[in-house]
Amino acid sequence: MRLKILDKSIKNLISFVQFETFFWMNDIIKKILISITLTLIFINNSHAIPIGPFKRLFQEAAEFFSKSSDEVIKKGNKADEMMSGSASKNIDDITIATKDQELIINKIGDDVHSSHYEGSINQPAENISINHGVKLGKYGKKGFETSDKLYDLYEFVFDHGDEEIRISEYILKSWIGRIYRVSNYFSRPNRDDRMLLICKNSVEIFYFTIVLNNENDINRAYLTDHQYFQSSIETLQKQELLILMDDENVKVMATKPSSKDSFPFHYFTIYPDQYFVHNIYSDPQLILKKATEKGLNKYIDNKCYKANKSGIEIN
């Protein structure tokens, strides 16, 4: 009699759990159902137990899975979309950063990288200026406060008697590094007043030293190193850079012009998302216009990173 009741209950169980629903159950749920069914068989061989509670349990499980199978699929698709969005993007960024770090360190060398980091982060601002060919004396906040002349702030290779400098209208004598403060990347792990940036494209690497909130001087930016990956082309020397744009969405730096009537030969544009552009021989007005254009085509090789003691910040 008990076997007949058990047989009838098992048939009822099978009717509750439809094939389509059972197909979408994970392996753990399947194993649980099978284990409980086998337990029923063995227990009923020796003891009479009520079938109702188990019947209701399986009925509720069947109704739940049959009702939510589509929802499970939809949630799975949504999870895939999330993985192909922010999560996978983070994975891609880490992969790219790790590859770039290896390329940079292999080219520059551990010792040179460490030397650049020590010189940019731990040295007094005056030493950084001297190390990049900037003479001390008349420069600093006092010069900025008492004179509008660029010669009182920067050193140029041409005659100091030349009052009119063609690039002067584009130079920002006071800037605070806005993108470094608003960028999710550049502001982490800390909003530093000293930064060593490593910017690259497919053929070259640049090390930039950034000094902000300088107690006895204006904020300054320097080109600390320049190397090509696979070329013997002459590289740029250490030098101070001019700031032409300091916005939350973009920053533009330039080398100093070779004469009072010429424009800079090299321009460096950095964006909050770490994108980097190096332009050569161009009108500064054109550079600034392009820097703020929407729909910029961005290349995966063009990237800027914050340096740490052993490499770059990867997050």
Side-chain angles (χ1 to χ4, degrees), residues 100 103-109 111-121 123 125 127-135 139 150 153-158 165-168 170-172 175 177 194-211 219-246 250-271 274-284 286-288 290-291 299 301-307 312:
D100 284 345
L103 288 172
I104 293 166
I105 299 303
N106 283 344
K107 176 62 180 179
I108 298 296
D111 293 342
V112 175
H113 175 88
S114 297
S115 176
H116 289 335
Y117 185 80
E118 171 66 23
S120 299
I121 305 301
Q123 292 295 314
N127 290 4
I128 294 176
S129 293
I130 295 173
N131 191 35
H132 288 83
V134 177
K135 296 178 182 178
Y139 307 107
L150 292 175
L153 295 176
Y154 305 101
E155 183 176 354
F156 297 94
V157 296
F158 43 88
I165 304 176
R166 191 179 181 188
I167 189 64
S168 62
Y170 299 101
I171 299 175
L172 297 180
W175 57 279
R194 291 280 191 90
M195 286 188 291
L196 177 63
L197 302 182
I198 307 175
C199 301
K200 61 174 286 293
N201 53 36
S202 60
V203 296
E204 55 192 337
I205 308 168
F206 298 92
Y207 275 67
F208 298 109
T209 298
I210 309 298
V211 180
N219 295 331
R220 296 190 185 273
Y222 306 91
L223 172 61
T224 299
D225 199 354
H226 175 217
Q227 298 291 333
Y228 285 95
F229 283 115
Q230 303 290 339
S231 175
S232 58
I233 300 175
E234 184 178 357
T235 58
L236 296 173
Q237 301 299 312
K238 285 184 176 182
Q239 59 188 285
E240 183 181 22
L241 301 174
L242 303 173
I243 306 299
L244 308 186
M245 181 175 284
D246 181 44
V250 63
K251 178 185 178 184
V252 179
M253 304 181 291
T255 54
K256 295 174 183 175
S258 58
S259 70
K260 70 169 186 174
D261 297 320
S262 65
F263 285 139
F265 288 158
H266 298 270
Y267 301 86
F268 311 101
T269 305
I270 301 175
Y271 295 87
Q274 301 176 253
Y275 190 65
F276 169 73
V277 180
H278 172 210
N279 293 107
I280 304 175
Y281 303 112
S282 187
D283 187 317
L286 179 61
I287 294 294
L288 297 178
K290 285 185 176 181
Y299 302 95
D301 288 323
N302 292 38
K303 205 82 170 181
C304 268
Y305 299 99
K306 286 177 67 174
I312 62 176

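Heads up: numbering here begins at 1 and tracks the sequence.
The shortest non-hydrogen separation linking Tyr228 to Thr235 is CD1-CG2, 3.8 Å. Closest non-hydrogen pair, Ile205 versus Tyr207, comes out as CG2-CE1, 4.1 Å. Pairing each heavy atom of Ala221 with each of Ile243, the nearest pair is CB-CD1, 3.9 Å. Closest of all the heavy-atom pairs between Tyr267 and Ser282 is OH-O, 2.9 Å. Pro257 approaches Phe156 most closely through the heavy-atom pair CD-CE2, 4.2 Å. Scanning all heavy atoms of the two residues, the minimum distance from Ser129 to Tyr222 falls at OG-OH, 2.8 Å.
No more than 12 heavy atoms of other residues, nucleotides or ligands lie within 6.0 Å of OH in Tyr299, so this atom counts as exposed by the packing criterion. Around atom CG of Asp111, no more than 12 heavy atoms belonging to other residues, nucleotides or ligands sit under 6.0 Å away. Within a 6.0 Å radius of CD in Gln237, other residues, nucleotides and ligands contribute 12 heavy atoms or fewer. With a 6.0 Å radius and a threshold of 12 heavy atoms from other residues, nucleotides or ligands, Lys290 has its NZ atom at or below the threshold.
Note that the CD atom of Gln239 and the CD atom of Glu155 stand 12.0 Å from one another [nearest 0.5 Å]. To the nearest 0.5 Å, atoms CD1 (Ile105) and NZ (Lys107) are separated by 13.0 Å. Of the inter-residue distances, the one linking Leu197 atom CG with Cys304 atom SG reads 6.0 Å to the nearest 0.5 angstrom. Taking CD1 of Ile104 as the start and SG of Cys199 as the end, the distance is 9.0 Å to the nearest 0.5 Å. Atom-to-atom distance recorded for Gln274:CD and Ile312:CD1 is 8.0 Å, nearest 0.5 angstrom. The CD1 atom of Ile210 sits 7.5 Å away from the CG atom of Leu241 when rounded to the nearest 0.5 Å.
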Thr269/Tyr275 under side-chain hydrogen bond (donor to acceptor under 3.5 Å, both in side chains): CA gap, chis, key distance, verdict: CA-CA 8 Å; Thr269 305; Tyr275 190 65; over 6 Å; no
With ring pair (Phe, Tyr, Trp, His ring centres under 6.0 Å) as the test, would you mind laying out the steps for Phe208 and Phe268 before giving the verdict? CA-CA 10 Å; Phe208 298 109; Phe268 311 101; 5.1 Å; yes
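Taking Asp246 as the reference, Arg178 meet the salt bridge (Lys or Arg N to Asp or Glu O under 4.0 Å) condition, with sequence neighbours excluded.
Looking at Asp301, its side chain never comes within 3.5 Å of a backbone N or O of Asn201 through a donor-acceptor pair. Remark: the backbone N or O of Ser259 is paired with a side-chain donor or acceptor of Ser262 at under 3.5 angstrom.
A ring-centre distance under 6.0 Å is found for His278 and Phe206.
Inter-residue side-chain proximity for Arg194 and Val211 is flagged as met; some heavy-atom pair is nearer than 4.5 Å. Side chains of Ile167 and Pro264 form a contact here, defined as non-hydrogen atoms less than 4.5 Å apart.
Using a cutoff of 4.0 Å between basic side-chain nitrogens and carboxylate oxygens, Lys200 and Asp100 are scored as salt-bridged.
For His116 and Asp225, the side-chain atoms include at least one donor-acceptor pair closer than 3.5 Å.
Checked options His132, Met253, Arg220; the residue passing with Glu240 is Arg220 (criterion: side chain to side chain contact (heavy atoms under 4.5 Å, CB included)).
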